[in-house]
Peer 1: 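Submitted below is the structure of interest, expressed as structure tokens.
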Amino acid sequence: MLERRAACRKAIAQSVFDVAVIGGGINGATVYAELCRRGYRTLLAERGDFAGGSSQSTAMWVWGGLLYLSTLDFSTVVKLCASRDRLIDELPAWVRPAPNRLLVTPESRNGAWFLNFALWLYWGLGGFRRRMPLQQSEFPERRLFRDGHIANTLLYEEGSIVPSDTRFIARWILPWSGPDRPALNYCEVAGGCRDAADGQWRIELRDRVTGEETVARARWVVNAAGVWTDQLNERFGIETAWKHVFGKGVFIVLPRDPCHDTSLTLENRLDDFYSLIPWGPVALWGPTETVSPDPESGFVAEAGDVRMLLEELNRHLARPVGPEDIVALRCGVRPLAVKRSYRSDRYTLGISRRHVVARDAQLPWISLYGGKLSSCLSLGAEVADTIGLALAPAQRGAEAPRAAASQNGTERFPGLEQPVTSVGSAVKAEWCLTLEDYLRRRTNIAQWVPRHGLGRRGEHVERLAVMAEQFPGVDGVRGARALAAYETRVEREFDHVLAAV
Ligand SMILES: Cc1cc2nc3c(=O)[nH]c(=O)nc-3n(C[C@H](O)[C@H](O)[C@H](O)COP(=O)(O)OP(=O)(O)OC[C@H]3O[C@@H](n4cnc5c(N)ncnc54)[C@H](O)[C@@H]3O)c2cc1C
């Protein structure tokens, strides 16, 4: 594993790449895969773990943009529905049709008639390809709610990612990655500039595992750094007509009731909707939508977020839930694209979630703003088409990617019915470098097992201690240190937050 990284670094130092993609979230991953597919010599640098930014906290919905009906943005709905249905058709093992049930309560702002009309319109704009919307008064999850509280329900269909957003992102990167097309996690772009003599970008890379520094050369750069896009542009002296504002989103993760199989969506008191989304042994409730002044502060859930989510859920439930029921917290920051002149700290819900591919007028540099799981295929194609106008691929036909990393090395984790990818397999085939990568992104242990995998009373700590020693370059002492750091983080970002609710 460490040898493979060294081989990639050596190749990076000796090559001139067609394109360097910065950021390994959904945008960077799909752009990288599409460029590789078209024969471009491409480098991907991700400063943390793949999918370690906003893309690890999604609702895993591949949706057609129902929200845009409220602003009469029909063309976006048509496009997003087409992207959603293409993903469902082309990647059936990863994106499945997923029913969603809108629950209408006596306090609902929108009546069943209005919501039904909106869903039929949505279905039509989606080319009638998904399941026809249905009004139903009876549904299997009814017993979760207070007697007489649900007046009506409306069932319609979207898409959903399985088994997780993070594995979906790795799926775009891992099959293509190798010394010819290196994709490195824990590889930070620290700075760089364009050499006027040869017109190539010099990109300073810092390997966060070994501390080694390498300079990569590339003809084009795609800045896919998500909420950090503007910071990175500034470092390279790039100015665009766009910028990001940051919409913080939090879910609480609760045990899933056995009768709960379908996503359930309810109006909240903030002119928005929250959903209870079944996911393996748990259910996600949320997400919130609040403005974050900067990217960093939005990545940690606070007591106020959790309190609001619990209050909203308990308005409806027959058996109220409390902080002691929460299995894990899930929090991220949405990169929302706005014009640079945008001046407002208003509620971010009204801001479009569409993506913008901003090509610099003079320099071979593309900045990505916004974006969604649903539109990942069209985003990849749009970027590759833009580059294709100026640069032909180095290779002609694209080589077929290796089969996605096999999951044949599995192991059991207490409390989970399904086996999980083993640490050995994740290290060998999935570039997994740390305990946190493994628990949070290569498996769902950190979201499915209480206290982010530690167990309610820390009963899994010993098991995690054994796992922590199996990572490359880690001995007993380093393994213990990695585990202690993980425990400290869970205490700070979970235990203390819930204690303050
Ligand atoms: C709570 C919540 C729920 C959501 N649910 C959905 C949903 O259900 N469906 C949907 O379609 N969308 C959803 N979204 C939106 C979606 O998560 C984001 O739009 C998407 O993940 C953004 O992807 P990205 O690749 O732009 O950013 P990221 O995933 O953040 O990727 C950017 C990457 O760039 C890296 N980076 C930054 N600077 C550097 C550097 N200097 N060097 C190297 N790497 C760098 C970062 O480490 C990061 O990993 C949700 C968002 C939130 C917050």
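Both ligands and their constituent atoms are indexed starting at 1 by order of listing. We number each residue from 1, following the sequence as shown. Everything numeric in this text was worked out from a predicted model, so none of it was measured.
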Peer 1: Is R206 paired with E212 through a side-chain N to carboxylate O contact shorter than 4.0 Å?
Peer 2: no
Peer 1: So which bit of S55 gets within less than 4.0 Å of ligand 1, heavy atoms only: side chain, backbone, both or neither?
Peer 2: both
Peer 1: Does W61 approach ligand 1 within less than 4.0 angstrom via side chain, backbone, both or neither, non-hydrogen atoms only?
Peer 2: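 The answer is both.
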Peer 1: Examine W220 together with W201 and report whether their ring centres are nearer than 6.0 Å.
Peer 2: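 No, the ring centres sit 6.0 Å or more apart.
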Peer 1: Just jot down the ligand 1 atoms closer than 4.0 angstrom to any heavy atom of A45, in number order.
Peer 2: 43 (C), 44 (N)
Peer 1: Cation-pi check for F17 against R41: NZ or CZ below 6.0 Å from the six-membered ring centre and within 45 degrees of the axis, yes or no?
Peer 2: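 Satisfied, under 6.0 Å and within 45°.
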Peer 1: Look at atom 42 (N) of ligand 1 and say which protein heavy atom is nearest, naming residue and atom and giving the distance to 0.1 Å.
Peer 2: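 Heavy-atom neighbour on the protein nearest atom 42 (N) of ligand 1: V189 N, 3.0 Å.
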Peer 1: Closer than 4.0 Å to some heavy atom of V333 - which atoms of ligand 1 meet that?
Peer 2: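 So the answer, numbered in order with elements, is 53 (C).
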Peer 1: Of all the non-hydrogen atoms in the protein, which one sits nearest to atom 19 (O) of ligand 1, and at what distance?
Peer 2: G371 O, 2.8 Å
Peer 1: Indicate yes or no for a side-chain donor-acceptor contact from H244 to the backbone of W228 under 3.5 Å, with no hydrogens or angles considered.
Peer 2: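 No, because the side chain of H244 does not come within donor-acceptor range (under 3.5 Å) of the backbone of W228.
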Peer 1: Among S54, S57, G332, G53, whose heavy atom sits nearest atom 1 (C) of ligand 1?
Peer 2: S57
Peer 1: Yes or no: does V227 have any heavy atom under 4.0 Å from an atom of ligand 1?
Peer 2: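 Flag not set, V227 not near ligand 1.
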Peer 1: Is R86 paired with E90 through a side-chain N to carboxylate O contact shorter than 4.0 Å?
Peer 2: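 Yes.
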Peer 1: Is ligand 1 under 4.0 Å from a heavy atom in the side chain of V62, in the backbone, in both, or in neither?
Peer 2: neither
Peer 1: To check your reading of the model: name the closest protein heavy atom to atom 25 (O) of ligand 1, its residue, and the distance in Å.
Peer 2: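 Atom 25 (O) of ligand 1 sits closest to the protein heavy atom N27 N, 3.0 Å.
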Peer 1: List every atom of ligand 1 that sits less than 4.0 Å from any heavy atom of P287, numbering the atoms from 1 in the order shown and giving each element.
Peer 2: 1 (C)
